[in-house]
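Working notes, structure below.
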Amino acid sequence: MNTKKVKIFPNYNCQGQKKMGAVIGAQTSEPSVQIANMLGIYKIPQPLHSVCSHKCSPGFQKIILKGKPKCCFHCKECPRGKISNKTDMDYCVECNKDHYPNKGRNKCIPKSIIFLSYEEPLGITLAFTAVFFSFLSAVVLGNFIRCRESPIVKANNRQLSYVLLSSLILCFLCSLLFIGRPSKTICILRQTAFGIISSVSLATVLAKTITVILAFKATKPGSGARKWLRPRLSYFFVVVCSLIQVVICMVWLGTSPPFPDADFYTEPGHIILECNESSPAALYSILGYLGLLALVSFIVAFLARKLPDVFNEAKFITFSMLVFCTVWISVIPVYFSPSGKYAVTVVIFSILASSGGLLGCIFFPKCYIILLYPNKDQKAHVTSKRFHGFKKC
């Protein structure tokens, strides 16, 4: 036995034994380094990983490989709408509905709120157009009132013309309800105001067309159509047709009224503020009734377009109803598509275009005669069979 005294140093063996090379175990790298320091193997490189895959960074999730140990996996990017904000997450999590993932899918970002507002150029343009056409309708109405004793105004049932022009003024202004942040009051007024005012316009057009036919039949000897040419009957017809739409709207508001809503999912990164119609059947009924009035007006006016009367409005009513039906048929798919400010824009455009068609086709020819050729707006020209100027206008 070697009796020589040996000074002992921690982690060193001076008697010629080999140092420990490594400690194999299921430890992660951080504890292994500490153990290496304790056992005196810190000068020898250590194996750092006990797994067969690299770590999954934020934005990815671990997918375990079948038939392999749990430490064997591959990293997959988080699916759309989900994020992972930590390393080696087993699954991704969804953002709150008012947030959306960033490009790296490792952070949730607040969504921006969008709606058709008066502050943006599109909203300003549509609002200005609506106010302009409303003002133009008011000018035409004032001109008709000023020239109320004019033969051309009297021959086309001036009372119904006043009603139609007044409803067109409101119809143009009605499109302003679709601009701005939706509220409970706005959502209730949007479709109901549009439906009722438009039904008044279309019912008035239909009454004017029927009046043209009755006026022609009243000229025949022994005809009983003259008793139906009373203004009160025309007003009664307009009121009844409008009340039907009022009843539909009241039933809608009493059972399932519209309300302001938010669409969080149609457009990524945006919250679309909109009016939820609540009852599609009620909305279909309102639009269907308007379509029925327009179709009947078109058919009646088309059948009366060739009546021999120099002030026959049937041709102009036919064309106006053709414009009205064409506009709304073309926008029906957009009207029932997922909402957005551009879908609302199409609805506003359809209101302006259809109402503008009524204003232009029915009243501009009359204003053309009254303002530019007042000498032709005489009783002699109205009763003369040789005058065809108005027909050409």
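Below, all heavy atoms of this structure are taken into account, side chains as well, without hydrogens, waters or symmetry copies.
Counting only residues at least two apart or on different chains, the disulfide bond (SG atoms under 2.5 Å apart) pairs with a member in residues 95-126 are Cys95-Cys108. Among residues at least two apart or in separate chains, there is no ring pair (Phe, Tyr, Trp, His ring centres under 6.0 Å) pair with a member in residues 78-100.
With hydrogens and angles ignored, the 3.5 Å screen pairs no side-chain donor or acceptor of Ser137 with any backbone N or O of Leu165. The main-chain N or O of Gly195 is never found under 3.5 Å from a side-chain atom of Ser198 such that the two would form a donor-acceptor pair. Between the Arg158 side chain and the Arg148 main chain, a donor and an acceptor come within less than 3.5 Å of each other. Here the side chain of Asp263 pairs no donor or acceptor atom with the backbone of Ile272 at under 3.5 angstrom. Without hydrogens or angle criteria, Asp88 side chain to Cys56 main chain gives a donor-acceptor distance under 3.5 Å. For the pair Thr318 (side chain) and Ala301 (backbone), a donor-acceptor distance under 3.5 Å is present. When atom types are taken as modelled, the side chain of Ser84 and the backbone of Gly59 share a donor-acceptor pair closer than 3.5 angstrom.
By the side chain to side chain donor-acceptor pair (under 3.5 Å) test, Asn85 is found to be paired with no residue, residues two or more places apart in sequence or in another chain being considered. The disulfide (SG to SG under 2.5 Å) test applied to Cys78 returns Cys92, not counting sequence neighbours. Residues that satisfy the disulfide (SG to SG under 2.5 Å) test with Cys241, not counting sequence neighbours, are absent from this structure.
Taking 4.5 Å as the limit, some side-chain heavy atom of Phe264 sits within range of a side-chain heavy atom of Lys111. Counting heavy atoms from C-beta on, the side chains of Gln245 and Leu290 come closer than 4.5 Å. At least one side-chain heavy atom of Leu116 sits under 4.5 Å from a side-chain heavy atom of Leu126. For the pair Leu65/His74, a side-chain contact is recorded, criterion being any heavy-atom separation below 4.5 Å from C-beta on. With contacts defined as side-chain heavy-atom distances shorter than 4.5 Å, the pair Val238/Leu206 does not qualify. Using a 4.5 Å cut-off on side-chain heavy atoms (C-beta onward), Leu322 and Phe302 make no contact. Counting heavy atoms from C-beta on, the side chains of Pro258 and Leu253 come closer than 4.5 Å. Contact annotation: the side chain of Phe133 never approaches that of Ser355 to less than 4.5 Å [non-hydrogen atoms, C-beta and beyond].
The residues Asp90 and Lys62 are annotated as salt-bridged, a charged nitrogen and a carboxylate oxygen being separated by less than 4.0 angstrom.
Test Glu267, Glu120, Glu274, His270 against Lys341 for side-chain hydrogen bond (donor to acceptor under 3.5 Å, both in side chains) and you get one pass: Glu120. Between Leu164 and the choices Leu141, Ile362, Asn157, the side-chain contact (heavy atoms from CB on, under 4.5 Å) rule is met once, by Ile362. Just one of Ser242, Ser201, Ser199 meets the side-chain hydrogen bond (donor to acceptor under 3.5 Å, both in side chains) condition when paired with Ser167; it is Ser201.
The distance from atom CZ of Phe194 to atom CD1 of Ile348, rounded to the nearest 0.5 Å, is 11.5 Å. Rounding to the nearest 0.5 angstrom, the gap separating the NZ atom in Lys86 from the CG atom in Asn106 is 13.5 Å. Distance CG/Leu283 to OG/Ser256: 11.5 Å, rounded to 0.5 Å.
When all heavy atoms are compared, the tightest approach of Val205 to Thr209 is O-OG1, 2.8 Å. What you find for Thr204 and Val200 is that their closest heavy atoms are OG1-O, 2.6 Å.
At least one cation-pi condition fails for Lys208 and Phe237: the charged atom is not both under 6.0 angstrom from the six-membered ring centre and inside a 45 degree cone around its axis.
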Can you give each donor-acceptor pair under 3.5 Å made by side-chain atoms of residues 171-188, sequence neighbours left out, with the distance rounded to 0.1 Å?
unit_1: Ser175; atom_1: OG; unit_2: Phe172; atom_2: O; d: 2.6
unit_1: Ser183; atom_1: OG; unit_2: Ile186; atom_2: N; d: 3.4

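Using a 30° and 60° split on the angle between ring planes, Trp328 and Phe324 fall in the tilted class, from 30° to 60°.
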